[in-house]
A.B. asks: 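Dropping a structure here in structure tokens format, bear with me for questions.
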Amino acid sequence: MSDFLRILKRTHYCGDLNATHVGEEVILMGWAHRRRDHGGVIFIDLRDREGLVQVVFNPEISLACHSEAGRIRSEFVLAIKGLVRKRPEGMENPDLKTGAIEVMASDLEILNESKTPPFLLDNTAEISENVRLKYRYLDLRRPEIQKNLILRSRVAAAAREFFYQEGFIEVETPFLTKSTPEGARDYLVPSRVNQGMFYALPQSPQIFKQLLMVSGFDRYYQIVKCFRDEDLRADRQPEFTQIDVEMSFITQEDIIKIMERMMAHLFSVCLGKELSLPFPRISYVEAINRFGKDSPDMRFGLEIHDLTDILMNSGFKLFAEIVSGGGVIKAISIENGTSLSRKDLDELRDYVAQYGAKGLAWARITPEGWTSPIFKFLTPDEVAAINKKMDAREGAVLLFVADSPNVARDALGNLRIHLAKKLMLIDPEKLAFTWVTEFPLFDYSETEKRFVSTHHPFTSPVPEEIPLIETDPDKVHAQAYDLVLNGSEVGGGSIRIHRKEVQKLIFKALGLSDDEAKNKFGFLLDALEYGTPPHGGIAFGLDRLVMLMTGAESIRDVIAFPKTQKATCMLTDAPSQVSVEQLMELSLKIVI
RNA sequence: GGGGUCGUAGUUAAGUUGGUUAUAACGCCGGCCUGUCAAGCCGGAGGGCGUGGGUUCAAGUCCCAUCGGCCCCGCCA
């Protein structure tokens, strides 16, 4: 046996071999993906990160190799030397990238053995997530997941490339930082040196990047982890990565322009897709009214129509009462909805119930007119007005929600997405980018009984509306913008406040006393007094972006070592208990 | 904090109205085989049904509790 590793170095990746290598002697290192032992001849599909190639062990070429190859089992680690040759006539495998050729092994070393893996590493195998996460290092050998992480790496590299060329400076900001009010729950880190004190992991580098603008770095970016201790979803992890950007001496328009170019660069370099610029824009109010969400999916229609005016004085008491109680009546129309059965409609009613909707009325438009449980309550004029407003044609099904404005919005906003998936109205090739602009500066929080920032407390109001902050905070607009792709918020940013008086006004409107503001954000207020340039920025969720670029169904499929929905790691078993000694050092005591 | 769903060999699943030794496929082990590529053929091993209670003559099937995966609501500046 030859001395692989030290003397015989790898010459190629398995998946990179093709007909141009015919006649070359190659050295490959990889894993035994599959073994087909014919007794006389043994085929091994050798796998590395670039793909598979068939290796042939023939006793006529090397008896010793053939004999050793008989020991090979799934996931053994192999080094082989062999001649690339064109496969015999009729033996090509068109399903394999390297299927035109094969490697005739003349030398083999089993570098390591493997236990039988708990699951097949085939792309076809659907393995439950708990098993995959427990053996994540094996799951990550699967070509499908490797492909995702390789694309993720390309996206990050393309972003750095773009920012470098545009004169941005990458600056690292601290992970051990100060807990601040507002926003998500912080992950806390106890301080040993300062007993009883805590750092917080950053929810984003927001304040630091603004301070870098004060420092004159002018154009900053960072690809950085952020931490939020909130409950998880299919597209939400407690630690996630942002492409974080901040610029000085710019307007909202400037940021939008340059970020569109960055997005175009990423999609061109990483996916070979050319985006058409500029992206369309929609105001927050229009997005909510037409799509029921501030992150509208514009790949399909099913827009929401407001029928409140038509039905406010209706003889249908239920509708009239809801309207007089401050409610609204909204509806969507499904063209060619005849395939929807009564059972389907019941299922849709149950679907909207989870958003608090108390009912879902429907109407079918047949050649004879409406077929609907509510038809008898409506006047012909009302029916005609609804038909006209919704452009309802024969074959359509109308779905109505009469409820409080928020419930109607959420119910129908989510229903249209649910329907689009169910009725397969979404073109999977489509990339619908949209900027959402003109956000309100504040939202009223029913739970906290106060105004909270829609974006964050450092977002600049539209300058002309500053006087309204104290009188009509709900009427103030923010200089904020979100980038939405296929109904997912992939980025968001704003022009920041660079004047101390304005920042103080905002803190006051949020219910922060002068003392609290000074205690929590004093350093920022101080900094604003030392020549802060006008500035603004944006941050993109790298995980979500890559998820959309790869078509992954879960954020976990684009993260190497993700957490479960209970924020645990099935591989390492984190979080876990720590020793009493560790606690004592931190002057902590478990009280539960 | 709440709603839904799932948990049966290594994996993916089936398991009727509760009823003999709990099925299948793939994987695994052994044998045969020089052109397969989800190789084939023959043979074999492997689980007591997430866990703990309960009902019953009898529980994978029913009840209660509990643990865990996933999806969702709340939450996520």
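All figures in this text were calculated on a predicted structure; none of them were measured in a lab. In what follows, every heavy atom counts, from backbone to side chain, and hydrogens, waters and symmetry copies are set aside. Within every chain, numbering begins at 1; the chains are lettered A, B, ... in the order of the sequence lines, protein sequences first and strands thereafter.
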A.B. asks: Counting side-chain heavy atoms from C-beta on, which of B:C37, B:U12, B:G35 comes nearest to A:Ile127?
C.D. replies: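 When the side chain of A:Ile127 is considered, B:U12 is the closest of B:C37, B:U12, B:G35.
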A.B. asks: Using the 3.5 Å cut-off, write out each protein N or O paired with an N or O of nucleotides 69-72 of chain B and the distance between them.
C.D. replies:
from  : atom 1 : to       : atom 2 : distance (Å)
B:G69 : OP1    : A:Thr564 : OG1    : 3.0
B:C70 : OP1    : A:Gln565 : N      : 3.3
B:C70 : OP2    : A:Gln565 : N      : 2.8
B:C70 : O3'    : A:Arg556 : NH2    : 3.1
B:C71 : OP1    : A:Arg556 : NH1    : 3.3
B:C71 : OP1    : A:Arg556 : NH2    : 3.0
B:C71 : N4     : A:Gln565 : OE1    : 3.4
B:C72 : OP2    : A:Ala234 : N      : 3.2
B:C72 : O2'    : A:Gln354 : OE1    : 2.5

A.B. asks: Does the ring of A:Phe119 lie flat against the base of B:U11, closer than 5.5 Å centre to centre with planes under 30°?
C.D. replies: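 No, A:Phe119 does not stack on the base of B:U11.
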A.B. asks: Does OP1 or OP2 of B:A39 have a side-chain N or O of A:Arg34 closer than 4.0 Å?
C.D. replies: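 Looking at the OP1 and OP2 atoms of B:A39, one of them is under 4.0 Å from a side-chain N or O of A:Arg34.
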A.B. asks: Does the separation of the ring centres of A:Phe458 and A:Phe521 fall below 6.0 angstrom?
C.D. replies: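 Yes: the rings meet the under 6.0 Å criterion.
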A.B. asks: Tell me which nucleotide among B:U36, B:C28, B:G30 gets nearest to the side chain of A:Thr116.
C.D. replies: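 For the A:Thr116 side chain, the nearest candidate turns out to be B:C28.
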A.B. asks: Over how many whole Å does the gap from A:Asn406 atom CG to B:G74 atom C1' extend?
C.D. replies: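 Nearest whole value for this atom pair: 14 Å.
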A.B. asks: Is the closest basic N to carboxylate O distance between A:Glu75 and A:Arg141 below 4.0 Å?
C.D. replies: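 Yes.
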A.B. asks: Between A:Asp474 and A:Phe451, is any pair of side-chain heavy atoms under 4.5 Å apart?
C.D. replies: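 Yes, side chains in contact.
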A.B. asks: Over 60° means perpendicular and under 30° means parallel, so classify the ring planes of A:His38 and A:Phe43, tilted if in between.
C.D. replies: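 Aromatic pair A:Phe43/A:His38 classed perpendicular.
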A.B. asks: Whole Å only: how far is the CZ atom of A:Arg73 from the P atom of B:C28?
C.D. replies: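 To the nearest whole Å, that distance equals 8 Å.
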A.B. asks: Distance check: side-chain N/O of A:Arg132 vs OP1/OP2 of B:U11, anything under 4.0 Å?
C.D. replies: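 Checking A:Arg132 against B:U11: no side-chain N or O falls below 4.0 Å of OP1 or OP2.
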A.B. asks: What about A:Arg236: does its side chain form a donor-acceptor pair under 3.5 Å with the base of B:C76?
C.D. replies: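 Per atom types, the contact qualifies.
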A.B. asks: With a 4.0 Å cut-off on heavy atoms, is A:Arg85 in touch with a base, just the backbone sugar-phosphate, or nothing at all?
C.D. replies: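 Base contact - A:Arg85 has a heavy atom under 4.0 Å of at least one base atom.
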A.B. asks: NA contact type, A:Glu92, heavy-atom cut-off 4.0 Å: base, sugar-phosphate, or nothing?
C.D. replies: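 Here A:Glu92 touches the bases of the nucleic acid.
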A.B. asks: If we require ring centres under 5.5 Å and near-parallel planes under 30°, does A:His38 stack on B:G35?
C.D. replies: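 Base of B:G35: not stacked against A:His38.
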A.B. asks: Would you say A:Arg36 places a side-chain N or O within less than 4.0 Å of OP1 or OP2 belonging to B:U36?
C.D. replies: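 Indeed not, no polar side-chain atom of A:Arg36 lies that close.
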